[in-house]
Amino acid sequence: MGTRLQNKVAIITGAARGIGRGIALRFAAEGAKVGVFDLDEMTCLEVVNEIVVNGGEALALGGDVTKPQDVEDAITSLKLRFGTVNIALNNAAIMPSGKLHETSLDDFEACLAVNLRGTFLITRAVVPGMIQAGAGCIIHMSSVTGIRGLPGLAAYSATKGALISLTRAMSTDYAPLGIRVNAIAPGTIDSPMLHSFVDMQTDKEKIRRQFDQMHPIGRVGTIAEVANVAVFLASDEASFVTGSVYEVDGGLSSKGEQPQD
Ligand SMILES: NC(=O)c1ccc[n+]([C@@H]2O[C@H](COP(=O)([O-])OP(=O)(O)OC[C@H]3O[C@@H](n4cnc5c(N)ncnc54)[C@H](O)[C@@H]3O)[C@@H](O)[C@H]2O)c1
C-alpha cells in the first residue's frame, strides 16, 4: 500500500466500473478512504469488497448523480463514516452518439444531466466542508472530445468542453479558499466502454486498429495511466496545480491533420 493519499476521504462517481473503478481501487491503495458512488449499490459493493480485501477502506454509495437527494445522502453517509470529504472526482458520464440533429432531446438532456448537473450537485455538496477545512481537491473527468472535434459525439463533446470551462472558472473562485480544481482529458482508453463499442462493429480488428493508430503514441491508453494522473492531482504533490487540464491521450489532442498523399 502507498501513502500518497493517506488520511484523505474521496468520493468518486461512476466508480462501479471502468475508469472510475480503476481510480477507486488506486486511491484506496494509496491510503484514501473511498466513497464508491454509482447507480447500483450492489456493483458498488463489489468494488468496496475488492478494496477491503486488499486492506483498504471504502463505502458503497448507490445513487444517481442527477438526483439532489441521492447526492446529499451519499455525502452525508460518507462524512458520518470517514469525516470531511477532501477529494471529489466527477467521473460519471454517459455518451450518446450521433450528429447533433440526430440526437434525441431525451438523449441530449440526459447527457447534460449526468455529465454536468451531476458534477454541479456533487460539487455543491462537498465544497462547504472543504471551505471549512481550508483545503480540498476537485477533479472533473473531461475528454479529448472537449478539446478537439471528433465525429459523432456532439452532445457528449459539449459537456466535456463545459467541464474544462468549469475547471477554469471554479479554480479561480476556490484557489483563495485552498481548494484546487483540475480536469483530466483522456483519449481513448482500453475500458468496458471501448470493448462494447468495438463488439458492436462488424470488422472488430479494423476498428480496434483505427483507435490505436489515431493516437500518435500508436495505441489506446490504459485505465492505470488515467489513475496515475488522478492520484498525482489528488495528492499534495500537486499543491501548486489548479485550473489545469491534463491530457492523458497519447498526443491525440496535439495532433495536426496528416498531409494527404
Ligand atoms: N473510456 C474512454 O475511452 C474515455 C475517454 C475519455 C473520457 N472518458 C471519461 O471517463 C469517465 C469514465 O468513463 P468509462 O469509460 O469508465 O465509462 P463507463 O460507462 O464504463 O462508466 C461510467 C460509470 O458511470 C455510471 N453512471 C452513469 N450514469 C450515472 C448516474 N446518473 N449516476 C451515477 N453513476 C452513473 C455508470 O453506471 C458507470 O459505472 C467518463 O467521464 C468518460 O466520459 C472515457
Side-chain angles (χ1 to χ4, degrees), residues 11-26 35-48 60-75 88-97 106-107 109-122 125 139-148 150 153 155-164 166-167 183-199 207-208 210-212 214-215 219-227 229-230 245-250 252-253:
I11 182 159
I12 302 169
T13 66
R17 69 170 210 173
I19 295 173
R21 172 181 171 276
I23 294 175
L25 294 170
R26 189 65 202 291
V36 176
F37 187 105
D38 209 300
L39 286 171
D40 173 25
E41 189 159 0
M42 285 314 289
T43 48
C44 293
L45 267 174
E46 287 168 21
V47 179
V48 168
L61 301 165
D64 182 336
V65 284
T66 70
K67 297 196 171 141
Q69 197 60 53
D70 287 9
V71 170
E72 289 299 330
D73 290 350
I75 299 301
L89 204 150
N90 288 304
N91 170 78
I94 55 171
M95 188 179 74
S97 56
D106 283 351
D107 282 353
E109 288 188 338
C111 187
L112 292 184
V114 178
N115 304 8
L116 288 180
R117 177 185 160 110
T119 296
F120 162 70
L121 291 174
I122 291 281
I139 302 170
H140 300 314
M141 192 59 74
S142 178
S143 159
V144 66
T145 61
I147 299 170
R148 62 172 285 182
L150 292 177
L153 292 170
Y156 175 77
S157 303
T159 65
K160 294 298 174 176
L163 287 175
I164 291 175
L166 194 62
T167 300
I184 300 176
T188 310
I189 301 301
D190 197 349
S191 60
M193 196 191 242
L194 178 66
H195 298 170
S196 7
F197 180 80
V198 170
D199 283 346
I207 203 85
R208 184 56 213 238
Q210 281 173 350
F211 272 119
D212 285 338
M214 184 167 86
H215 299 76
R219 62 170 177 84
V220 299
T222 65
I223 289 175
E225 286 170 324
V226 180
V229 175
V245 180
Y246 274 64
E247 289 131 20
V248 185
D249 67 359
L252 178 56
S253 56

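We count ligands from 1, going down the list as the structure has it; atoms in each ligand are counted the same way.
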- Nearest to atom 19 (O) of ligand 1 by heavy atom, R17, M141, R117: which? R17

- Message: Between V144 and E247, is the side-chain contact (heavy atoms from CB on, under 4.5 Å) condition met? List the steps.
- Response: CA-CA 7 Å; V144 66; E247 289 131 20; over 6 Å; no

- Message: Has N115 got a side-chain atom pairing as donor or acceptor with I94's backbone, closer than 3.5 angstrom?
- Response: yes

- Task: Indicate, as side chain, backbone, both or neither, the part of I19 found under 4.0 angstrom from ligand 1 when only non-hydrogen atoms are considered.
- Result: both

- Task: Indicate, as side chain, backbone, both or neither, the part of M95 found under 4.0 angstrom from ligand 1 when only non-hydrogen atoms are considered.
- Result: neither

- Starting from atom 17 (O) of ligand 1, which protein heavy atom do you reach first, and at what distance in Å? M193 CE, 3.6 Å

- Query: Considering only protein heavy atoms, which is closest to atom 28 (N) of ligand 1, and at what distance to one decimal place?
  - Reply: V114 CG1, 3.7 Å

- Task: Could you walk me through whether I223 and I189 pass side-chain contact (heavy atoms from CB on, under 4.5 Å), step by step?
- Result: CA-CA 6 Å; I223 289 175; I189 301 301; 3.9 Å; yes

- Subset of ligand 1 atoms that lie under 4.0 Å from at least one heavy atom of G63: 32 (N), 33 (C)

- Query: Non-hydrogen atoms of G221 versus ligand 1: any pair closer than 4.0 Å?
  - Reply: no

- Is there a donor-acceptor pair closer than 3.5 Å between any side-chain N or O of D190 and the backbone N or O of G221? no

- Nearest-contact summary for atom 24 (O) of ligand 1 - protein heavy atom, Å: G14 CA, 3.3 Å

- With D70 via salt bridge (charged side-chain N to carboxylate O under 4.0 Å, His left out) - residues at least two apart: none

- Spell out, as yes or no, whether a donor-acceptor pair under 3.5 Å connects the side chain of K160 to the backbone of I147. no

- Which heavy atom of the protein is the closest neighbour of atom 8 (N) of ligand 1, given with residue, atom name and distance? Y156 OH, 3.6 Å

- Query: What part of S191, side chain, backbone, both or neither, has a heavy atom within less than 4.0 angstrom of ligand 1?
  - Reply: side chain

- Query: Do S191 side-chain atoms and I19 backbone N/O form a donor-acceptor pair below 3.5 Å?
  - Reply: no

- Cationic N near anionic O, under 4.0 Å, D64 to R117: no

- Query: To which protein heavy atom is atom 6 (C) of ligand 1 closest, and what is the distance rounded to 0.1 Å?
  - Reply: P186 O, 3.3 Å

- In ligand 1, which numbered atoms sit nearer than 4.0 Å to a non-hydrogen atom of G187? 3 (O), 5 (C), 6 (C)

- T188 heavy atoms, cut-off 4.0 Å: which ligand 1 atoms fall inside? 3 (O)

- Task: Please confirm whether the backbone N or O of P186 pairs with a side-chain atom of D249, one donor and one acceptor, at under 3.5 Å?
- Result: no

- Query: Between R219 and E225, does a salt bridge (charged side-chain N to carboxylate O under 4.0 Å, His left out) hold up when you go through it step by step?
  - Reply: CA-CA 12 Å; R219 62 170 177 84; E225 286 170 324; 2.7 Å; yes

- Which of the atoms in ligand 1, numbered in the order shown and given with their element, are less than 4.0 Å from a heavy-atom of S143? 6 (C), 7 (C)

- Query: With a 4.0 Å heavy-atom cut-off (strictly under), which part of A185 contacts ligand 1: side chain, backbone, both or neither?
  - Reply: neither

- Heavy atom of the protein closest to atom 22 (C) of ligand 1 (residue, atom name, distance): A93 O, 4.1 Å

- If you count the atoms of ligand 1 from 1 in the order shown, which ones are under 4.0 Å from a heavy atom of K160? 40 (C), 41 (O), 42 (C), 43 (O)

- Would you indicate which of L39, I122, N91 comes nearest to atom 11 (C) of ligand 1 when only heavy atoms are counted? N91

- Query: Are the side chain of D38 and the backbone of C44 linked by a donor-acceptor contact shorter than 3.5 Å?
  - Reply: no

- Message: Checking R17 now: which residues fulfil side chain to side chain donor-acceptor pair (under 3.5 Å) with it, not counting sequence neighbours?
- Response: none

- When you measure from atom 39 (O) of ligand 1 to each heavy atom in V65, D38, T119, which option holds the nearest one? D38

- Query: In ligand 1, which numbered atoms sit nearer than 4.0 Å to a non-hydrogen atom of D64?
  - Reply: 30 (C), 31 (N), 32 (N)

- Of all the atoms in ligand 1, which lie at a distance below 4.0 Å from a heavy atom belonging to G18? 16 (O)

- Message: Among all protein heavy atoms in this structure, tell me which lies nearest to atom 3 (O) of ligand 1, with the distance rounded to 0.1 Å.
- Response: I189 N, 2.8 Å

- Message: Between S157 (side chain only) and G146 (backbone N and O only), is there a donor and an acceptor less than 3.5 Å apart?
- Response: no

